[in-house]
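Labels below follow one simple rule: chain letters A, B, ... track the order of the sequence lines, proteins then strands, and each chain is numbered from 1. Atoms considered below: every heavy atom in the structure, side chains included; atoms not considered: hydrogens, waters and symmetry mates.
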Amino acid sequence: MTTYRTHHCNQLSAKHVGETVTLSGWVHSRRDHGGVVFIDLRDREGLTQVVFNPEISEEAAARAHHLKSEYVIRVSGYVKQRLEGTTNLRLATGEIEISAQEVTILNASETPPFPIDEQIANEDLRMQFRYLDLRRRDMLDNLKMRHRIVKTVRDYMDSQGFLEIETPILSKSTPEGARDFLVPSRLAAGKFYALPQAPQQYKQLLMVSGVERYFQIAKCFRDEDLRADRQPEFTQVDVEASFVNQDEIIAWMEGLLFDIFKAAKGISIPLPFPRLTYADAMNRYGSDKPDTRFGMELTDLGESFKSSEFKVFKSAIESGGVLKAINAKQFACITTGQIEELTQMAKQYGAKGLAFIKVENGEWKSPIVKFFSEAEKKALVEKLKIEEGDLILFGADKWEIVCEVLGRIRLRVAEIQKLANDPDKLNFLWVVDFPLLAYSPEESKWNAVHHPFTRPKTEDLPLLEKGEYGTVRAIAYDVVLNGVEIGGGSIRIHESDLQAKMFSVLGVTQEQQQTLFGHILKAFRFGAPPHGGIALGLDRLVMLICKATSIRDVMAFPKNNRGQDLLTSSPSEVELRQLRELHIQVKS
RNA sequence: GGAGCCAUAGCUCAAUUGGUUAGAGCACUGCCCUGUCACGGCAGGGGUUGCGGGUUCGAGUCCCGUUGGCUCCGCCA
């Protein structure tokens, strides 16, 4: 209770009838009957109808005629059971109303540029008036949900013995990974801080410090192009622990996600989550973050077609590639335009084309089926479980290309067929055994798939020694929900010699190692414990829980897809004096 | 860097094969109205059709360019 209110606008019900109350909030709508006036009063928690009757208070009723949308008011009156037949079942407080005895206009409002009580499409305008956009119930609910989730994270991590520790925002640039945001130093001319892409090195140093269990709700920054699920600044639930292995990290995160979904939605998600190796995920779903809400798995057909008459398939297999197919059940009705779209997509991801079979009226309609033997057709029916109405799509090429192409097509077909639109289905899984390194043809070098501190699997260390970099697996794991990567982590390298070996494989010279990573290499020489960790993408997780389609809808003040904040007009130019102090000269 | 979709009143949208004065609902302004909750009634104001150019007797509509928004690819250890 404050001088402004005794209750919030969601709290009053029939059991308060007769009580004198005070509410404060915004005028959501006014229904003026000339005599009696109704106001829906809105605050953070809900709506309550206020009725102004001149027979109760002439002064309040007179004032009510002048109330307009979004005026801020304080109302005092008594809680009254609504007249028979006038209850509003759609309103939590619909049984009662406040009969106003006194009203104060705390502040007037200009006419808002868009209605607060309905969905609005114009995101540009929403961002310019974000403070009004956030008055909308959906947005407030998202912010509340985010708070509830963050609170749960803190409680859970604390219960497991993790310390919340802040790490610097002004930190050091490293060339690995995403593009850094740079902050020029005034005190050290020509030098720059970088905003952290993640608190990766600091949290490993905290392990060397003996903190043993650390977590942080950490702001991270990456200067890359934006997407619906990517902002230049975003939040990670960052976790690191010493004397632990992969299974223990996974168990903690499953426990955390269990508590989050319990607190956020009141549901108990089933534990443990299924685990897939990276190889299996690619082979079966063509993705390292598979959406398992629907089947349509990739099926390998190499064995059945290795001596096929159809040269495209045969030669792909003979040259070390693979032949795979997906069965899009009941999609033989695909239009020519859609086939064309899928073919374009296949080509975009490196395939030469997209072979298909439509099974219609007991007939296989396809330009390639005439090349197939009876045995091959029989194998197709058995392996792909072909039935009337199905559409079979093939990929024959190098393994990576086939997996990627069919994986993308699988998702697009599912989108067209609306296979994954059950909003209540929650398919969690872990993808484990990621490759440690990937070769970049553009740079002609090996790069870390996860990051350069990721530990190779012990049994694969000989492969690393032998230089078979592409086959070395990492102790790295991603957690995936409905085809969205919501987190990833690894067990780290804690020995300075193994770390130095990794850097040399990555093409980081001795000299670069010292200038860029000398601090962490040195720290590892002072008794670094075995350690590992993970980071969850908080924004994406909240987005999925809120059923939002963009992380912008779960951030209070996001940037648009050009990285601009339309509310404050940032980024902006600065005064010449500021640039001079920073030893910066801008090219015109 | 590339591709796609979009842009008409404050908001959400219409406007036939290119056709005469660009409409509707909501919002807004004024008046009326004592039980509404999408209150109702009467009247009214509000438009450089994102911007620039072109084709045409005539362009919201067709063409070219450009700007902005969104989505995707590249990029994001």
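Listed nucleotides: B/C70, B/C33, B/U12. Nearest to the side chain of A/Glu123: B/C70. Picking from B/C28, B/G74, B/G35 the nucleotide with the shortest atom distance to the side chain of A/Arg408 gives B/G74.
Taking atom P on both B/G52 and B/A15, the two are 25 Å apart, rounded to the nearest angstrom. Atom name P, nucleotides B/G1 and B/C57: the rounded distance is 41 Å, in whole Å. B/U12 and B/G2 have their C1' atoms separated by 33 Å, with the value rounded to a whole Å. Taking atom C1' on both B/U8 and B/G46, the two are 14 Å apart, rounded to the nearest angstrom.
Put simply, A/Arg31 has no side-chain N or O that comes within less than 4.0 Å of OP1 or OP2 on B/U36. Note on A/Lys68: every side-chain N or O is 4.0 Å or more away from OP1 and OP2 of B/A27. Within the 4.0 Å cut-off from OP1 or OP2 of B/C11, not a single side-chain nitrogen or oxygen of A/Gln119 is found. A close approach under 4.0 Å does occur between a side-chain nitrogen or oxygen of A/Arg227 and OP1 or OP2 of B/C73.
Remark: ring of A/His33 stacked against base of B/C39; centroid gap under 5.5 Å, plane tilt under 30°. Once the 5.5 Å centre distance and the 30° plane angle are applied, the aromatic ring of A/Phe114 is found not to be stacked with the base of B/C11.
Using a 4.0 Å cut-off between charged nitrogen and carboxylate oxygen, A/Arg137 and A/Asp117 do not count as a salt-bridge pair.
In terms of polar N and O atoms assigned as donor or acceptor, the side chain of A/Arg222 never comes within less than 3.5 Å of the base of B/C75 in a complementary pairing.
Ring planes of A/Tyr469 and A/Trp446: perpendicular class, angle over 60° (limits at 30 and 60°).
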